[in-house]
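What follows is a single structure, written as structure tokens, with notes after it.
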Amino acid sequence: MIRARTFIDAKTQSHSNAELNWWIFMRISGLILVFLVLGHIYMTFIQVSESDATFTAVVGKLANPAWKFYDWLILALALMHGTNGARYSIEDYVRTRPNRAWVKGVFYSVVALVFAFGTIGLFSI
């Protein structure tokens, strides 16, 4: 587990390239998510008046594949970012290796289901 604030510190603390890559991913995905979510909020709540925010308007917006990809990117990045953060917490708080394996297995299964249902729901419209 890397507990560094700078890339140099993270590189010295990492036990594997995978941990360093996840550390980098968390910084980049967090930054990207801020802009994606702010853009989504702007386009959903500020650009559209309250009376125009109907189911039909949302379906019309999602008819464009670019909007579907935009929303799917938010879904995918948020789930990956959150799952990796939860993995850090599981590593910290679940002490024994067999319990950690069960907790991670159940958690990853739930995340996979949420991702599958979110993707199906988004692309079925």
Side-chain angles (χ1 to χ4, degrees):
M1 183 102 34
I2 300 174
R3 301 192 187 283
R5 291 180 184 249
T6 65
F7 178 74
I8 303 298
D9 292 340
K11 201 169 182 180
T12 59
Q13 289 179 22
S14 65
H15 300 292
S16 69
N17 280 342
E19 277 301 317
L20 182 60
N21 291 338
W22 278 116
W23 185 87
I24 293 167
F25 169 78
M26 290 296 279
R27 273 72 190 161
I28 293 171
S29 68
L31 185 64
I32 292 170
L33 275 168
V34 166
F35 291 107
L36 286 175
V37 171
L38 286 175
H40 180 79
I41 289 171
Y42 174 76
M43 290 177 276
T44 304
F45 298 111
I46 297 172
Q47 200 175 37
V48 176
S49 69
E50 194 173 315
S51 62
D52 292 336
T54 62
F55 177 76
T56 308
V58 172
V59 170
K61 180 180 118 177
L62 288 176
N64 183 348
W67 286 119
K68 284 184 182 184
F69 178 73
Y70 186 88
D71 287 344
W72 182 83
L73 191 60
I74 292 173
L75 172 72
L77 275 177
L79 277 174
M80 286 177 60
H81 187 90
T83 301
N84 194 42
R87 180 182 66 88
Y88 288 150
S89 295
I90 291 169
E91 295 283 335
D92 284 346
Y93 293 111
V94 181
R95 297 288 180 204
T96 63
R97 189 172 286 204
N99 287 345
R100 195 178 309 139
W102 279 105
V103 170
K104 282 183 179 180
V106 169
F107 179 68
Y108 292 154
S109 298
V110 169
V111 168
L113 281 173
V114 168
F115 180 71
F117 288 144
T119 301
I120 290 168
L122 185 62
F123 286 100
S124 67
I125 294 179

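For the numbers below, each heavy atom of this structure counts, side chains included, while hydrogens, waters and symmetry mates do not.
- G121 and S124 get closest at one heavy-atom pair: O-OG, 3.3 Å.
- Not a single donor-acceptor pair under 3.5 Å links the side chain of T119 to the backbone N or O of A116.
- One distance of note links CG of D92 with CZ of R87; it measures 10.5 Å at 0.5 Å rounding.
- Under the 4.5 Å side-chain heavy-atom criterion for ILVMFWY residues, no single connected hydrophobic cluster contains both Y93 and V106.
- Side-chain contact between W72 and F115 is present, with heavy atoms from C-beta onward closer than 4.5 Å.
- If you chain together hydrophobic residues whose side chains sit under 4.5 Å apart, V111 and W102 never meet in one group.
- Distance check: W22 CH2 to S29 OG gives 8.5 Å after rounding to the nearest 0.5 Å.
- Of the inter-residue distances, the one linking I74 atom CD1 with F69 atom CZ reads 11.0 Å to the nearest 0.5 angstrom.
- The structure places OH of Y88 at 9.5 Å from CH2 of W23, a figure rounded to the nearest 0.5 Å.
- With contacts defined as side-chain heavy-atom distances shorter than 4.5 Å, the pair K104/V94 does not qualify.
- Side chain of Y70 to backbone of L36: a donor-acceptor contact under 3.5 angstrom is found.
- Within the model, atoms CG of L79 and CG of N84 stand 12.5 Å from one another, a figure rounded to the nearest 0.5 Å.
- Linking Ile, Leu, Val, Met, Phe, Trp and Tyr whenever their side-chain heavy atoms come within less than 4.5 Å leaves L31 and I41 in two separate clusters.
- The shortest non-hydrogen separation linking M26 to H81 is O-CE1, 3.1 Å.
- Residue L73 forms a side-chain contact (heavy atoms from CB on, under 4.5 Å) with just one option from L75, D71, L77, and that option is L77.
- When the side chains of ILVMFWY residues are joined at heavy-atom separations under 4.5 Å, either directly or via intervening members, V59 and M43 end up in a single hydrophobic cluster.
- Note that CD1 of I28 is 9.5 Å distant from CG of N21, once rounded to the nearest 0.5 Å.
- F123 and F55 fall within the same hydrophobic cluster, where Ile, Leu, Val, Met, Phe, Trp and Tyr residues are linked whenever their side-chain heavy atoms come under 4.5 Å apart, directly or through other members.
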